[in-house]
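So the structure is just underneath, and the comments pick up after that.
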Amino acid sequence: MTTIYTNPSSAHPDKAKLFGVLAEFASPQALVDAAADIRKAGYRRWDCYTPFPIHGLDRVMAIPKSILPMVVGGAAASGALGALALAWFCNAYDYPMIFSGKPYWGLPAHTVVGFMALILSGVVTAFMCVWVFCGLPRFHHPLFEMPQFRRVTDDGFFLAIEATDPCFSPVNTAELLKGLGAVDVELVKD
Amino acid sequence: MTLAVNEVSVPVDFDNTGETDMKPPVLMTGEASYKRVTSLVSRIIEAPRAPAIWYPCFFLSASLAGLLFALIGYEVFTGVGVWGNNSPQGWGFPIVNFVFWVGIAHAGTLISAILLLFRQKWRTGINRFAEATTVFAVICAGVFPAIHVGRPWLAYWLAPYPNIMGDWPNFYSPLLWDAIAVGTYTTVSVLFWYLGMVPDLATLRDRATTRLRHTVFGILAMGWRGSAKHWKIYDRALLVIAGLATCLVLGVSSTVSTDFAVSLIPGWHETIFPPLFTVGAIFSGFATIMFLAYPVRAIFGLKSLITDRHLDNIAKITLFFASIMLYIYLIEFFIAYYSGNPYERYVYMNWMFGPYWWAGWAMLFFNGVLPQVLWFKYARTKWWIAAPIGLFCLTGMWCERFTIIIGSMTHDFLPSAWHHFVPTWVDYGMLAGSFGLFFTLFLLFCRFVPVVAMYEVKSILPQSHVHLPKMAGVKI
Amino acid sequence: MSSLSDQNLTGKEYWRSLEELADTPEFRQFVQREFPNRASEWLNGDRRRFLKIMGASFALAGLAGCRRWPAETLAPYAHRPANRDPGTPVYYATGMDLGGIGQGMLVTSVDGRPIKVDGNPTHPLNGGASDIYGQASVLGVYDPDRSRTVMRKGKSGLEPGNWDDFSTAWRKIGGDLQKSQGQGLAFLTGASSSPSVQDMLKRTAKAFPSARFFEYEPISSDNARAGTLMAFGEPMRVVPQLAKARVIVSLDFDFVVGDPLSVKLSRDFSAGRRLTDPATGDAATDMNRLYVIESTFSATGSLAENALHRIPLPAQDVVIATVAIAAGLKKRGINIPELPSLGGALPEPMRQDVIDAIVADLLTHKGECVVVAGSQQPAAVHALAAAMNSALGNTGKTVEYYKDPSADRTAHDQSITNLTAAMRNKEIRTLVMLDVNPAYNAPADLDFASALANVTESIQLSNYVDETARLCTWHLPAAHYLESWGDIRTFDGTISIVQPMIEPIFGGKSVIETLAMLLPSGSKTAVVSGYEIVQRTLGLKAGEWKWKKALFDGYIKDTGWSALTPTLNASISKDLTQAIDARPRAALGAGNIEIVFRPDSKIYDGRFANNGWLQELPDPMTRLTWDNAAVISPKLAKTIGLSFHKTQMLAITVGGKTLKMPAYIMPGQPEFSISLALGYGREGVGSVADGAGFNVYSLRSVAAMNFQTGAAVKVTAESYELANTQDHFAISTLSQEAVAARIPDLIHQATFAEFQKDPSLGHKKAKAVSLWEMHRYDTGYQWAMAVDLTTCTSCSACVVACQAENNIPIVGKQQVMNGREMQWIRIDRYFRGPNADSPEAVHEPILCMQCENAPCEAVCPVGATSHSADGLNMMTYNRCIGTRYCANNCPYKVRRFNFFDYNSGTLKDLYKPNILRSNMNDLAAMQKNPQVSIRMRGVIEKCTYCVQRIDDARVTAERQNRRIRDGEITPACAQACPTQALIFGDMRDKASRVAKLFKQPRMYGILNDELNTRPRTRFMPKISNPNPSLVAVETSPLGTQ
């Protein structure tokens, strides 16, 4: 079997028409173990699909850290500064008015607005980031064609290797996955 | 049916949610399988008809909500005079109700956010509908400041936009802060709520039997497919939002409290108000959950997901905050006395012994004293004790707002200006109407949206815990 | 609320518009009642007429730039005449008569519409100040409820006619009467100071030799006449000159409110109490002292130096006090005529030591003291007062006597009695009633109404289709004094010409014009227009210099009489003894209660009952609006078991007649004396008057016009809602104590002695520490106002003046009860003293303090209220969205909110959505001050120091390239104030009066020490000058109730 790994040339001829191969596992543990082996096998373009986030799976799959927190941080900071700048522009620069004999610019009073702007821009950014980074919404996906994949949001634990992966070979990859204890392995059309 | 992990089948009513030193609690009674979780929650939405009781409840609340909007129409076309407001009492019921609802709006975010931060697993059973109460309460709250102004059609002048008058809003005004805070809070809680719901919507999409359902939930689910990569981003985002939302929870009530704390009216001008309002808000939020959880789980058969253990914890938190409230009340009274300021002293005396004494005592008793019953586990877990206590706490909180706003304002500095406040039928109608609006939304939610966060519950079932494989040469 | 209060809003609506009127059921029924057949033409006609007048008014104002000549030539103009800027106010001098005493007025007119009435600065009586009657009179012109047409009795009540119908009818009636020398013809007039009226009456008498003339005023100064008759042998007019008096003893005389002379008396009185001369800033070395012996806690009573200087006595016992004082003087060697000794102890709570103190004080101030008596006190008191004054050498100094223009007339009560008697025995076939309403205000026991049935032709000239009008065969609409030519004499006889400001809106005629109509039209030269009549009477020709000057000055120089120097009658002692012995002696008690009838502080004898500003004005002492109440002492209230927590109805039975009235428990009211204000309980007069209060005339009898003993009161089960602007509710003891503790902070009080010892009265300049650098108001003008609590009499002229100047709407009884009254100034009233039976009362006018650190400003989210560079707390109405946060955060609660659209629709349909309500009608619009915007619903409004006047002055000053001079700007309130208790100016200008006053260390800002609001409206403490021997024991304040 090892040859399979070392001989990519023997790839399936109509590999192009395939999305890849989808394997289902019985339990989170099985999936995690399989994922580990797949990674060892040197696959690049593959992913796991689960009804809930499995703690540690990301580390097994070596999914890189998300930059989301940094982005959010930046957005939040600029939101706050923007709000303070607005307050200054409105009350101290563009149309200064005397209110209760107070100075036109009063940071203590304006912090509340700054704070709220910080939160708002942070949260909105985080929300947007989820979709941008996940490439969602995407309403059509080859996996959705697989009837069993419907259970991914219920109790199905799946591992899909994409045909575009250099190591991919419909037969061998499928074999490999079976070998890793998948209860069911099927090719997914693109 | 059999359990996924160990081949021993368990009776459905078997409570295995208790702490044991052997393994983490299951937080779900009966058979703890993924399938069961899914079906328990989904069937509510997929059932052709709602439980019988749902219909009369919905009819009642919907008609009250209708009343609310009718009265709003009347008020907008006639004038603020239709309420009991007068001089000195410029705010009256609308603001009392506003502050009351904003308070309630705090449980959801708190449970989801703070408990998420603290990795409190048990939150999963209740956070979804707690967040729902947040969203709906904040909607009810938002109604009032918008319409309480004399010229509601000009309320948008609070927004800083270049206008023909060439002037801008006044960033010194707590009302402006308030508007921004509540606006922010609404947005955040809606986003947080929706984001947390996406995977469950995907579940409904995948279980959909009709084309309509499939399309609707399909769109709402944004094409979610449970990818591990997505889960990673998703988790991060939720965590970040939770962090921000936690600050927000503390911020919003404090900001609302500045409406009073920043003024100089005795009984309003209190530095302790920000903490008091925040604590009060969280308290009333949990009271609401405590009050709602029982009927919800009873009506929709979620006893095994919203377990006694959940309710026990909620009750504990309620008790905790109630005790803080009691403490703050006492401090307030003491400081009023200790300050030696006659105006200050009088206001607090007037709260308790003045014309609105009933509200003062209701505040003290329902918020501070009554919840102490929850020291007993028996009381914490019996629906016929806990739920009523939740209701009483809500009453107490409303009375607190009433006492602070009306009890203080009607007796301020110049005795010649004192005047009683007498609510009109419109005031009462709008109060009732706001409850109607809340329950209308809540009932719709229970019927059409997963009441429990399925994926989160699944994620904490024992079989979801995996042992990471040893991987020679690969760093994990 | 209660049906009773709803009933206050029934009847015709207030400020209704004509077209709306046409299709309200009220109106249809109103039409049924009054003009069954011709309602529609009447309306259209009226509308056309209305537009004509508007055009006409422009024309008028246009003529000659300042003064309008013959009212006859009227035409809307297409070309603007020279010297005439549309929209700029023009000022005309005129005069107003009240109860036979005229006062000179200065009317502000814009585009031919009179919009404001003030005192004429050059007039001897008011010197530019004014009272609430003058201020509110302008609203009377535009009262939509005024009678609009001539009416004649038809099968179904009154039917509309016109002046021609009447003159045709009169040609016949008058013709017959001429043949019979006027046999069976009688005239009933009110007291009038007008020379022209007297002259026309004489001519009428000549034309109808055997006609009979009667005069009746429900509130009459006849007792003073009788008193002077008793003292000096002839009736005279008593005019105290309080400015010269250092000790004043008032015998039941409320001289600061509700007297035709009030403005003069208040002015003079305050002159002796002003502790810092605003002009120089010098402190006064002397202060007058006031003792008040009174039967009702009045505004005057609240000015008494302290509780011991005010003796609450039943009206019947005031004579005893008077005699006691006189006796005291006599004992001390003053030459007082022999008096009957009263014997026995003094009636409670009169104390001998107090009487002695008064006597001593009078003695030490011979020639600079005065004893004044109230018109409801019997002749004896007046005579005795006169005797004391002359004995003390006050005559000609602190009290002057002038000849009574109509010395020979019979007393009013006598006169009306004779008239009704004559009517009963059918001696009178034709009765002409000019500007009187006897069916309402004649003593009830005369039953004027039924007597009127015996008269074949009864003709009444009146402003309203009132109680009398409905019984007459002819009703003629009267012209308002602002609509007609005429003349008046003031207290010393000085004549002013009354010139019209506007064509009679409803085609009314003045008294003289009506009389001219009634005169046989034999001679071709018959003079019919008031314009000509006045010229003829005064012997002036229009156009000639003297006439112009008279109109310009507002009075004719040297037409006054010189004061008389009468000497006491020989027979005075005998007469006095008789009169005093004849006094009621029955001891008062719960079974024998005394009823005191007083003119109302707001609507006088009822003639102002349909004036919304006055109806909604809080009474100085009771703070009641829209009602009169039976003012009863706490003791008696306890005795008869009256609730102190809710208002109950009292059944008052006297002389066989019973009246049910709400009770108002008033500290300081004599125990067994209940005082009732006249003028309320009108029926079918107007939307404002109808249903407001209770008709006290129904208890009044000729025998007891002023007070009557032997009344019995019973508490009924009914309760009632009074619209009270202070203490709307029963105050708990808890609050009571809180209030008591606060008053010293809110109202600083001290005695003159203390003031002389330490002018700062122990005020330390509080050092304000601020967390931020506060805005410095150190450039340009810095406006400020000084309020002197010592001279404020709570007469409320400022409140009405403000309402007139700033287009402040009235809100109706219901809304006042809801605490939504709109007046920008309120005059707080607090009681002070150890016992509720004889407390002191203090007053404090509260208007916007224009705080430099205004708490209201920072909290407005849209910046609708902010501070101007010259220190005004500005309110931008059109930016306001109505969050009411500013009002909440105002520690003084001076901000008012438009809970409804008070300027449109009526007071009855406030609770209807706006789209179902009519717009403000034309009449209402005519009074509005074009310089002040009308506030719509949902916005806050407040005192602005009359910013429109400030800006006017600024423009003028800048045009002339100079600074605004001190005194150039006077806010409406300060302008009206008879006592100069309000001084406005630029505090940065060291020379200004306000700056000089602000330098005084005793000045304080309310709550400034607590809140550091730095108010621009500062107060001078209330300083009293008690007799050293009558310094009350240090008193704990009573609080508000």
Side-chain angles (χ1 to χ4, degrees), chain B residues 73-74 76-91 145 148-152 154-155 157-158 165 167-170 172-179 259 262-265 268 341-343 345-346 349-350 353-355 409 411-422, chain C residues 726-729 731-732 734-735 738-739 741-743 746 815 818-820 826 828-830 844 846 855 858-863 866 878-885 887-889 891-893 895-901 910-915 936-940 1006-1007 1010-1011 1039-1040:
Chain B
Y74 175 52
V76 168
F77 280 99
T78 310
V80 172
V82 301
W83 292 322
N85 304 30
N86 57 27
S87 170
Q89 180 42 256
W91 278 352
H148 99 286
V149 299
R151 305 199 286 175
L154 295 180
W157 282 357
L158 263 73
M165 289 169 277
D167 60 2
W168 302 97
N170 167 14
Y172 273 105
S173 169
L175 270 190
L176 191 72
W177 310 343
D178 197 3
D259 284 348
V262 168
S263 84
L264 46 59
I265 302 304
W268 283 17
N341 174 334
Y343 301 96
R345 282 186 181 178
Y346 169 67
M349 291 300 281
N350 193 57
F353 305 105
M409 199 64 236
H411 291 68
D412 69 338
F413 293 101
L414 266 52
S416 57
W418 291 355
H419 195 298
H420 275 199
F421 165 81
V422 184
Chain C
Q726 198 176 332
D727 336 323
H728 304 247
F729 47 87
I731 290 194
S732 63
L734 167 72
S735 311
V739 175
R742 280 175 204 196
I743 292 173
L746 304 178
Q815 297 307 313
N818 293 357
R820 296 169 179 174
R826 69 171 194 271
D828 293 352
R829 182 265 291 121
Y830 299 107
E844 183 170 51
I846 298 286
V859 298
C860 175
V862 292
S866 61
N878 56 356
R879 175 70 175 170
C880 178
I881 64 171
T883 67
R884 306 185 292 290
Y885 199 171
N888 281 353
N889 208 29
Y892 310 98
K893 291 288 167 286
R895 291 180 156 258
R896 303 277 174 265
F897 183 69
N898 289 271
F899 284 94
F900 291 106
D901 210 337
L910 285 176
Y911 284 85
K912 274 198 208 142
N914 268 51
I915 40 175
M936 80 175 292
R937 116 172 112 102
V939 306
I940 285 274
I1006 299 177
L1007 294 175
E1010 289 80 357
L1011 304 175
T1040 61

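Below, read A as the first sequence line, B as the second, and so on, with proteins coming before strands; counting in each chain starts at 1.
Contact tally against chain B (heavy-atom pairs below 4.5 Å) for C:Tyr892, C:Tyr885, C:Phe900: the top residue is C:Tyr885. Chosen from B:Phe353, B:Trp91, B:Tyr172, the residue pairing most often with chain C at heavy-atom distances under 4.5 Å is B:Trp91. Chosen from B:Ala417, B:Pro145, B:Ala179, B:Pro355, the residue pairing most often with chain C at heavy-atom distances under 4.5 Å is B:Ala417. For the set C:Asp828, C:Leu1007, C:Thr883, C:Asn898, the entry with the most heavy-atom pairs within less than 4.5 Å of chain B is C:Thr883. Note: B:Pro174 leads B:Pro342, B:Gly84, B:Pro174, B:Ala155 in heavy-atom pairs under 4.5 Å with chain C. Contacts with chain B were tallied for C:Cys880, C:Gly863, C:Ser866; C:Cys880 has the most, counting heavy-atom pairs under 4.5 Å. Here B:Ile265 is the residue among B:Asn350, B:Leu154, B:Ile265 with the most heavy-atom pairs under 4.5 Å with chain C.
With sequence neighbours excluded, no residue forms a side chain to side chain donor-acceptor pair (under 3.5 Å) with C:Arg896. Checked against salt bridge (Lys or Arg N to Asp or Glu O under 4.0 Å), B:Asp412 has the following partners two or more places apart in sequence or in another chain: C:Lys893.
If you take CG on C:Leu734 and NE2 on B:His411, they are separated by 8.5 Å, rounding to the nearest 0.5 Å. B:Trp83 contributes atom CH2, which lies 11.0 Å from atom OG1 of B:Thr78 (distance to the nearest 0.5 angstrom). Between the CG atom in C:Asn878 and the CE atom in B:Met165 there is a gap of 7.0 Å [rounded to 0.5 Å]. C:Asn888 contributes atom CG, which lies 4.0 Å from atom CH2 of B:Trp268 (distance to the nearest 0.5 angstrom). Here the straight-line distance linking atom SG of C:Cys860 with atom CD1 of C:Ile940 works out to 9.5 Å at 0.5 Å rounding. Atom CZ of C:Arg879 is separated from atom CZ of B:Arg151 by 10.0 Å, given to the nearest 0.5 angstrom.
Inter-residue side-chain proximity for B:Pro169 and B:Leu158 is flagged as unmet; no heavy-atom pair is nearer than 4.5 Å.
For C:Arg742, the part sitting under 4.5 Å from any heavy atom of chain B is the side chain, from C-beta outward, and nothing else. With a threshold of 4.5 angstrom between heavy atoms, C:Leu1011 approaches chain B through side-chain atoms but not through N, CA, C or O. In this structure, chain B has no heavy atom under 4.5 Å from any part of C:Gln815. At a 4.5 Å heavy-atom cutoff, the contact between B:Asp259 and chain C is made by backbone and side-chain atoms alike. B:Trp177 does not touch chain C: none of its heavy atoms, backbone or side chain, sits under 4.5 Å away. Proximity to chain B is limited to the side chain of C:Phe897, based on heavy atoms less than 4.5 angstrom apart. Using a 4.5 Å cut-off between heavy atoms, B:Phe421 does not touch chain C at all. Heavy atoms of B:Met349 lying under 4.5 Å from chain C belong to its backbone as well as its side chain. Both the backbone and the side chain of B:Asn85 come within contact range of chain C, each with at least one heavy atom under 4.5 Å from a heavy atom of that chain.
The two residues B:Pro415 and C:Tyr830 have their closest heavy-atom pair at CD-OH, 3.7 Å.
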